[in-house]
Asks: 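Okay, handing you the structure first.
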Amino acid sequence: MNRALPEMLQCSDMTVLQRQRARLKWQTEQLRQQNYFCELSGVFTSQTGFQQGGLMNGAGGGDSVLSNMGMSRQLKPDPGLETAWPELGKINMGFGSCGYGNGPSFDMNHAISRTSSCPPAVAAAVGSKPVEVKGNSEKMGSAVGRESFKKRKVEKLQNSKVVAEDEYKRIKASEEEEEESKITGPNTIKISNNKKQNSGDTSKDNSKVSEVQKPDYIHVRARRGQATDSHSLAERVRREKISERMKYLQDLVPGCNKITGKAGMLDEIINYVQSLQRQVEFLSMKLATVNPSLDFNIDNLYAKEEFPSCTTNFPTVGMAPEMTNHSPFLQFNPIQQVVSGCGVEMGMGMGMNSSDMALRRTISAPVSIPDASFLNTTCFTGPQQQIQPSAPWEVELQNLYNVAFTDTIEASDLEMEM
Amino acid sequence: MCPHTSLKQQFLKKWIMGLQRCSFSKKNMSILERKKTIKLSADIAMASARNGTTRWSRALISNASKDGSDNRLVQQILGPDSNTPAATTTNKAGTRRASVCKKIVKRSHQIRRRRRKCVAAAPVKAVTSSISEHLVRKRRQVLKTLIPGGEFMDEICLIEETLDYITSLRVQVDVMRSVASACFSQS
């Protein structure tokens with residue numbers, strides 16, 4: 001990553017966005033390492049930031065602003081550092097002079113490699129001892145990538161990720177915003193770094209409200225200019241929950257997009273629920289009055305839909321006793337014809353999932369009687385009419401279809417009983 | 001409604017089963033009775049499709065079981081299914097609801113008292129806000145009467161239940177409409 005960045009920086013046909021992103025990632029790593037090599041890395045990053053700024057000025061105007069930002073960003077946590085390091089050559093001097101037991105030489109090498117790994121191109125541009133630095137960086141670059149700090153390892157990674165995210169978002173914003181948020185950024189992000197933190201809350205960080213969820217409490221930071229009363233905070237949380245759910249309702253209820261007030265939306269919701277309930281009433285009345293046999297038309301659909309699973313259960317449980325009890329008032333002949341005609345259709349209907357189409361197919365089977373409209377009327381008008389059941393009909397059907405189909409036909413028997 | 005097909009199928013299956021079980025007993029039913037049966041079985045099917053996860057479904061089933069005449073139907077519909085725990089928890093739910101209701105009433109009194117104090121501070125703003133609050137409150141009352149079991153819910157819960165109830169109603173309407181249209185397209 002550290003090695004990749006300078007090459008990317010050199011690449012001129014890379015978009016600004018990618019460059020910014022790459023730089024962000026690099027800088028987050030820089031930030032990460034600052035706490036460990038605060039003075040050392042601060043020095044170097046400031047210097048490298050400066051160098052980077054120098055390089056980027058050639059590349060693009062906007063970038064230079066960002067690099068300045070980067071520099072200032074890194075300077076802020078370490079205000080006590082020197083900033084006047086115009087030449088890269090001084091790195092080595094600084095390195096030598098800063099050998100005050102910051103840690104093992106290994107760590108210092110890492111520091112150097114990390115900080116100087118970004119702009120070996122910069123070093124080349126500056127033209128002072130680039131080879132050594134570069135060699136160092138390339139040696140250590142991979143090790144750096146793999147190195148893991150023992151303290152707050154996971155946190156830092158998350159921090160860097162969140163910081164990267166946040167910084168990336170804020171790149172688009174104005175400078176001041178960035179500056180402000182950078183100060184508050186690390187603080188809020190450290191606090192809000194728990195697992196329950198979702199991306200929505202990182203965007204909330206921008207508005208200076210962060211919700212941290214520890215196991216027992218919900219920590220809410222008050223917005224600027226708002227009361228910090230616990231009651232008002234709780235009420236605000238509650239209100240936010242309500243408004244979030246109202247948004248869902250807005251999507252659900254048609255025509256609610258233009259209405260913004262709570263009362264208006266509630267009004268729409270009430271109207272919608274009432275209309276739906278009325279529709280249910282109306283449809284049930286419709287189903288009840290005009291088509292008394294409809295109730296078991298649906299049995300066909302049910303059996304068909306459950307064809308792979310429980311066709312055997314369904315008819316035997318429900319149908320068998322009724323078959324014996326009641327005499328089926330059924331027009332067998334037309335149904336026979338229709339069934340034979342629709343056999344293929346029903347087979348096709350098996351695989352389909354859309355209930356409407358399947359319904360049409362099933363209901364078309366017993367109902368659509370091409371040449372026997374009078375039988376339609378008989379079947380619909382009533383339970384009073386009796387038609388002799390014919391056993392051979394059933395036998396014939398069973399010869400024609402497999403068990404599933406016969407189940408559906410038995411269902412259609414019962415449909416006429418109502 | 002493509003994402004609801006599984007729910008639709010589930011509802012349809014339960015509805016059919018319910019109709020089967022409760023309609024076979026009577027051969028001759030008046031239109032109104034039939035309509036009532038159909039609607040009841042549809043509602044119960046819808047509610048049981050939720051498996052007692054939502055409050056409105058539990059309230060619906062418990063309300064239906066409370067009436068003497070419908071109780072048999074409900075029992076028949078739900079009978080062999082494992083949804084009867086939903087009906088048995090109604091007693092506990094009832095007492096809990098009563099206590100929740102009391103808490104809500106108490107809380108609303110406190111809020112009203114607090115708001116009156118604030119109102120004294122800023123009269124003009126309070127008038128408009130109180131009007132809007134009044135409107136919202138009225139509508140919330142109406143919504144509570146619409147959603148089954150809604151009288152005992154607080155606001156957040158009410159909105160969640162409304163969401164679920166609306167989706168279930170839509171599924172119900174769609175399925176019933178498709179059944180009706182399929183029927184009538186042939187005749």
Side-chain angles (χ1 to χ4, degrees), chain A residues 231 238 241-242 245-246 248-249 252-253 261-263 266-267 269-270 272-274 276-277 279-281 283-292 294-299 301-302 305-306 314 318-319 321-322 325-326 353-356 359-364 367-368 376 380 383 414 417-418, chain B residues 2 5-6 8-9 12-13 15-17 19-21 23-24 27-29 31-43 114 132-133 135-136 138-140 142-143 146-147 155-156 159-160 162-163 165-167 169-170 172-187:
Chain A
H231 291 294
R238 181 179 150 272
K241 271 193 213 170
I242 288 174
R245 286 172 175 92
M246 295 288 267
Y248 291 140
L249 273 174
L252 204 58
V253 175
K262 209 158 133 183
L266 278 176
D267 214 18
I269 291 163
I270 286 170
Y272 192 57
V273 168
Q274 276 174 341
L276 282 175
Q277 284 176 341
Q279 274 181 9
V280 167
E281 293 255 352
L283 281 170
S284 65
M285 180 66 103
K286 196 173 172 190
L287 287 174
T289 58
V290 187
N291 210 340
L294 169 69
D295 304 330
F296 304 100
N297 256 338
I298 306 168
D299 297 343
L301 171 64
Y302 174 69
E305 283 192 13
E306 298 301 306
F314 175 79
M319 308 293 185
E322 281 75 15
N325 292 341
H326 309 284
N353 268 338
S354 70
S355 57
D356 196 49
L359 264 172
R360 285 182 194 275
R361 296 236 162 127
T362 49
I363 293 175
S364 73
V367 174
S368 71
N376 256 337
F380 290 148
L414 291 157
E417 290 180 27
M418 275 293 277
Chain B
C2 298
T5 36
S6 66
K8 276 190 197 173
Q9 286 178 0
L12 189 59
K13 182 172 70 168
W15 189 25
I16 292 163
M17 278 167 52
L19 282 174
Q20 257 194 311
R21 289 208 191 101
S23 305
F24 270 119
K27 261 201 275 179
N28 298 333
M29 295 205 312
I31 285 180
L32 283 176
E33 275 182 37
R34 230 196 322 259
K35 168 233 172 192
K36 205 170 144 200
T37 318
I38 289 176
K39 178 163 188 294
L40 182 67
S41 54
D43 288 342
R114 211 184 303 150
S132 66
E133 281 161 15
L135 284 174
V136 169
K138 236 171 55 171
R139 286 177 172 87
R140 213 178 299 150
V142 176
L143 193 61
L146 284 179
I147 312 276
E155 195 174 344
I156 298 174
I159 295 181
E160 282 178 3
T162 314
L163 274 168
Y165 189 59
I166 286 179
T167 48
L169 274 179
R170 274 166 102 167
Q172 202 174 355
V173 164
D174 279 344
V175 169
M176 288 172 90
R177 193 186 296 148
S178 62
V179 166
S181 67
C183 256
F184 289 119
S185 65
Q186 304 306 322
S187 60

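Convention: sequence-line order gives letters A, B, ...; per-chain numbering from 1.
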Asks: Drop me the distance from R114(B)'s CZ to H231(A)'s NE2, to the nearest 0.5 angstrom.
Replies: 6.0 Å

Asks: Search all heavy atoms of L163(B) against all heavy atoms of R245(A) and return the closest pair with its distance.
Replies: CD1-O, 4.3 Å

Asks: How far apart are the closest heavy atoms of Q277(A) and L146(B), and which atoms are they?
Replies: NE2-O, 3.3 Å

Asks: Please list, chain by chain and in numerical order, all residues satisfying side chain to side chain contact (heavy atoms under 4.5 Å, CB included) with I166(B), sequence neighbours excluded.
Replies: L249(A), L252(A), V253(A), I269(A), Y272(A), V273(A), L276(A), T162(B), R170(B)

Asks: Among all residues two or more places apart in sequence or in another chain, which pass the salt bridge (Lys or Arg N to Asp or Glu O under 4.0 Å) test with E155(B)?
Replies: R238(A), K262(A), R140(B)

Asks: Could you check R177(B) against Q279(A) for side-chain contact (heavy atoms from CB on, under 4.5 Å), going step by step and ending with a plain yes or no?
Replies: CA-CA 9 Å; R177(B) 193 186 296 148; Q279(A) 274 181 9; 3.3 Å; yes

Asks: Look at L135(B), I147(B), L143(B) and state which one has the largest set of heavy-atom pairs under 4.5 Å with chain A.
Replies: L143(B)

